[in-house]
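A short worksheet on the structure shown next.
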Amino acid sequence: MKLLVIGAGNMGLTYSEGMAKSPLLSKKKLQIFDTDPTKIASLKTTGIFDVYENLEDCLPEADMVFIAVKPYHADDLFDKMKPMINDGQIFVSLMAGVTIGNIQENLGVKKVVRTMPNLPAQVGKGVTSYTESEEVSRIELLMIRNLLDTTGASIHVETENFIDASTGISGSGPAYVFYFMQSMLEAAMKMGFSDYDSKVLVSNTFEGAVELFNRSDISPQLWMDRVASKGGTTRAALDSMEDNNVNELIKDAAYAAFDRAVELGEAGK
Ligand SMILES: NC(=O)c1ccc[n+]([C@@H]2O[C@H](COP(=O)([O-])OP(=O)(O)OC[C@H]3O[C@@H](n4cnc5c(N)ncnc54)[C@H](OP(=O)(O)O)[C@@H]3O)[C@@H](O)[C@H]2O)c1
């Protein structure tokens with residue numbers, strides 16, 4: 001199988017590095033195409049990928065094409081791709097807000113998989129949600145799942161609405177965690193801890209809590225009840241959050257991202 005990744009930026013390179021380790025590619029090198037000459041030159045020196053600066057040298061022969069350019073570059077890219085593609089090829093999009101219908105129409109193709117990646121893919125802890133057009137076979141979908149899983153975990157969703165919904169949870173979600181971390185860092189420093197100690201306190205607290213959650217069947221609510229005894233310190237903090245409606249505000253934020261993803265998809269149609 002020949003796999004081509006278009007766009008060697010944050011996401012394209014992250015997925016390329018993960019997928020390059022996949023046994024699905026056997027010993028063939030994964031192919032990368034980008035328009036930035038500096039990126040091409042630096043990628044060539046690594047020798048890990050087959051790097052291309054002309055689309056006509058790689059696209060016509062590819063079996064599967066991952067598209068990882070920014071959404072605003074999509075139309076221009078589609079125009080260039082269109083004369084070089086064939087019906088057998090599968091297109092996997094990492095682009096936020098670009099719908100399957102849009103890709104099918106603009107490229108004149110049938111087999112399209114749309115994904116929503118997230119940033120921790122860079123450290124092999126990503127989660128990608130994906131859905132497909134009806135022309136993609138079960139075997140092809142399984143193959144794509146295996147490729148996506150090289151950057152972490154994945155979930156299959158039935159409709160594109162769930163791709164937009166997962167934007168609100170996992171796609172934009174790392175920023176919500178960073179928001180919470182930033183607040184805790186600021187509180188620690190205000191209490192007098194050094195930058196270094198604040199970082200150790202906060203990052204280990206997050207990592208430890210996630211590890212506890214992952215190793216048990218206990219819900220976050222139950223964990224909160226376990227650690228917060230009546231009249232104690234943790235209860236004081238949780239009561240303060242409840243009084244300030246933090247739970248509802250976080251849900252509102254997730255919905256704001258979800259709504260924006262739908263809006264961007266509508267605008268791109
Ligand atoms: N980053 C995230 O956390 C995240 C999360 C979810 C989804 N996504 C999606 O992932 C996609 C890629 O995002 P990114 O952050 O990786 O973007 P990025 O770092 O800007 O990478 C895109 C790369 O594609 C190149 N490019 C632009 N036009 C091209 C063309 N016509 N043909 C070939 N290459 C072209 C860009 O070159 P130039 O720099 O010269 O333009 C750049 O090297 C986006 O559609 C985004 O919606 C990203």
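Just so you know, ligand 1 is whichever comes first in the structure, and atom 1 is the first atom listed for that ligand. We number each residue from 1, following the sequence as shown. Here the structure is a predicted model, which is why all the values come from computation and not from measurement.
Heavy atoms of Thr35 approach ligand 1 to within less than 4.0 angstrom. Look at Lys80 and you'll find every heavy atom at least 4.0 Å from all atoms of ligand 1.
Taking a cut-off of under 4.0 Å to the non-hydrogen atoms of Leu119, the atoms of ligand 1 that pass are 3 (O). With ligand atoms numbered from 1 in the order given, ligand 1 contributes 12 (C), 22 (C) to contacts under 4.0 Å with heavy atoms of Ala68. Contact atoms of ligand 1 toward Pro71: 44 (C), 45 (O), 47 (O) (distance under 4.0 Å to a heavy atom of the residue). Remark: ligand 1 atoms within the under-4.0 Å shell around heavy atoms of Ala96 are 45 (O), 47 (O). Listed by number with element, the atoms of ligand 1 under 4.0 angstrom from any heavy atom of Met116 are 6 (C). Applying the 4.0 Å criterion to heavy atoms of Lys39 picks out, from ligand 1, the atoms 39 (O), 42 (C), 43 (O). Every atom of ligand 1 is numbered from 1 in the order shown, and the set under 4.0 Å from a heavy atom of Pro117 is 5 (C), 6 (C), 7 (C). In the vicinity of Asp36, heavy-atom distances shorter than 4.0 Å reach the ligand 1 atoms 40 (O).
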Audit row: Leu3, Asp63, side-chain contact (heavy atoms from CB on, under 4.5 Å) steps and yes/no: CA-CA 6 Å; Leu3 199 160; Asp63 299 300; over 6 Å; no

Worked verdict on Phe33 versus Leu59 for side-chain contact (heavy atoms from CB on, under 4.5 Å): CA-CA 9 Å; Phe33 165 71; Leu59 182 57; over 6 Å; no

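Ion pair Glu186/Lys190 not flagged as a salt bridge, since none of the NZ, NE, NH1 or NH2 atoms sits closer than 4.0 Å to an Asp/Glu carboxylate oxygen. Salt bridge absent: Glu132 and Arg114 never bring a charged side-chain N and a carboxylate O closer than 4.0 Å. With salt bridges taken as basic N to acidic carboxylate O contacts below 4.0 Å, one links Lys80 and Asp76. In summary, Glu53 and Lys44 engage in a salt bridge, as defined by a charged side-chain N under 4.0 Å from a carboxylate O.
Only side-chain heavy atoms of His73 come within less than 4.0 Å of ligand 1; its backbone N, CA, C and O stay farther off. Of all the heavy atoms of Ile6, the ones lying under 4.0 Å from any atom of ligand 1 belong exclusively to the side chain.
Among the atoms of Lys70, some N or O lies under 3.5 angstrom from an N or O of ligand 1. Every N/O-N/O distance between Asp76 and ligand 1 stays at or above 3.5 Å.
A side chain to side chain contact (heavy atoms under 4.5 Å, CB included) with Tyr52 is found for exactly one of Asp57, Asp34, Ile32, namely Asp57. Considering Leu148, Thr115, Ile90 as possible partners of Phe66, the one that fulfils the side chain to side chain contact (heavy atoms under 4.5 Å, CB included) test is Leu148.
By the neighbour-count criterion of 12 heavy atoms within 6.0 Å, atom CG of Leu249 is densely surrounded, having more than that number from other residues, nucleotides or ligands.
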